Amino acid sequence: MTTAGRGTSHQCLSSNRPGIPSIVRCVAFLLAFLSSGARASAQPAVRPASTQASPAQAQSDARMLSASPDAPVASLGWRNTLRGAVGVRMPIVGALAGTGFLLQLPALIELHNTSPTQAVPWEYWRGRLAIEAIYRREVALGARQAAFAGAFAAEHESDHSSKGHPGFVNLNSLSLRGDATVALGIHALSLALVTRLHVLTCTTHAVTCGNYGGKGGSVTFETAMDVVFDGTFVKGYPYRFFVALHGAWLVHNELAATERRLVLDTGVALRPATQGLYQLYFTALAGNEVGYYRMTPAVVQAGFGVRWGF
């Protein structure tokens, strides 16, 4: 991310009640970030002649193909209302698709509406930031190649209204994650399991949580699972189809409300450059939403969108 991009992102996050200029900056930052990937080299990154998928690369790609609402990708889509996000994984030590010890900084800013008639996402925003340490290695499972990884992360999220509604909700957690990816010829199958210990997490009501000023919350647990099938249409070409399933369950405790959700994404992915994975996808969600109104009753929604990540 450029210095200008970081500055705009900071302005977008720093205001609890942004006006229209701040909203315009947020949207401009989103569009600039999306277009930056399109300016990358147009040379296709094809797989080796053996057509064997790289399990480490497939495991890294599974983070971008994930159906989780917290996937660190840039996106613009519709699910009941318009939603836009800027998400990145910033590598600190090691490459994103590398093996051995890795250290990265996943971050996400999402803007969304509750009014279906709004043409620009701005009414609510949430910001996520984490620091994640990973150890990944590739192994042979008979004739197949596989990658296994373990990760530890410290995570923070806060969800706000841009319309002047009072209060906010916030989540703070320590997480353990395990990933397994098996290369199936030119396809790959990835499974991830996540356990979170939430501390100082408050989601029961935005006004109640805001009264604590971010210094009050409850301890609780959350479990989540991701399954991603990443399939190449034709060997030697970068066009792919994918199916991703995400499930999560956060246990109620005092100031932390119960959350259960199941999300399914499926679509087509394309890697036209050495960095960047573009997606055109359909999505369906059943359960609790994320964001400012995450404590409201469960919903069933469907939609579509485009995403980009690296």
Side-chain angles (χ1 to χ4, degrees), residues 1-10 13 29 33-34 36-37 39-41 45 47-48 53-66 68-75 85-110 127-140 145-158 171-183 188 190-199 222 224-226 228 230 269 271 273-278 307-310:
M1 188 183 296
T2 64
T3 302
R6 285 193 296 266
T8 308
S9 174
H10 175 73
L13 281 172
F29 177 59
F33 193 85
L34 283 168
S36 67
R39 292 194 297 268
S41 170
R47 284 172 175 160
S54 163
Q57 179 68 65
Q59 190 171 97
S60 178
D61 285 356
R63 291 288 189 101
M64 295 178 286
L65 298 171
S66 168
S68 169
D70 301 330
V73 292
S75 65
V86 174
V88 294
R89 292 180 299 161
M90 292 174 279
I92 301 173
V93 176
L96 295 174
T99 57
F101 176 75
L102 316 170
L103 187 65
Q104 64 185 29
L105 192 71
L108 175 73
I109 302 171
E110 182 190 67
R128 281 185 62 85
L129 184 65
I131 184 165
E132 183 178 32
I134 307 170
Y135 181 79
R136 179 188 293 134
R137 63 176 299 178
E138 292 186 337
V139 299
Q145 293 295 311
F148 295 93
F152 172 79
E155 305 168 321
H156 167 74
E157 175 178 330
S158 61
L171 298 89
N172 301 280
S173 63
L174 302 174
S175 71
L176 291 175
R177 178 184 176 114
D179 291 78
T181 300
V182 179
S190 298
L191 171 67
L193 298 174
V194 183
T195 299
R196 290 187 173 93
L197 171 65
H198 285 276
V199 295
E222 179 185 1
M225 178 186 70
D226 280 290
V228 177
D230 178 8
R271 186 184 289 280
T274 54
Q275 290 188 347
L277 185 66
Y278 294 83
R307 293 190 296 222
W308 177 82
F310 63 90

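Keep in mind it's a predicted model, so treat the numbers as computed, not measured.
Here the closest non-hydrogen pair linking A130 and L105 is O-CD1, 2.9 Å. Listed here is the closest heavy atom pair of V228 and A62: CG2-O, 3.9 Å. In terms of heavy-atom proximity, A133 sits nearest to F101 at CB-CE1, 4.0 Å. Contact record, A147 with A56: CB-N, 3.9 Å, taken as the closest heavy-atom pair. The minimum heavy-atom distance between P55 and T181, with the atom names listed, is O-CG2, 3.7 Å. Here the closest heavy-atom approach between residue L96 and residue F310 is recorded as CD1-O, 3.6 Å.
E132 places none of its side-chain heavy atoms less than 4.5 Å from the side chain of R89. Within the 4.5 Å cutoff, no side-chain heavy atoms of V73 are placed close to those of L277. Using a 4.5 Å heavy-atom cutoff, the side chains of L171 and H198 are in contact.
Remark: A149 engages Q59, I134, R136, D179 in a side-chain contact (heavy atoms from CB on, under 4.5 Å) (not counting sequence neighbours). Qualifying side-chain contact (heavy atoms from CB on, under 4.5 Å) partners for L197, counting only residues two or more places apart in sequence or in other chains: V199, V219, F221. Residues meeting the salt bridge (Lys or Arg N to Asp or Glu O under 4.0 Å) test with E222, sequence neighbours left out: R196.
Put simply, CD1 on I92 and CG on L102 are 11.0 Å apart, with the number rounded to the nearest 0.5 Å. From R177, atom CZ reaches atom OG1 of T195 across 11.5 Å, with rounding to the nearest 0.5 Å. Distance check: E110 CD to S75 OG gives 7.0 Å after rounding to the nearest 0.5 Å.
Residue D70 is tested with P72, S68, S66 for a side-chain contact (heavy atoms from CB on, under 4.5 Å); the sole match is S68.
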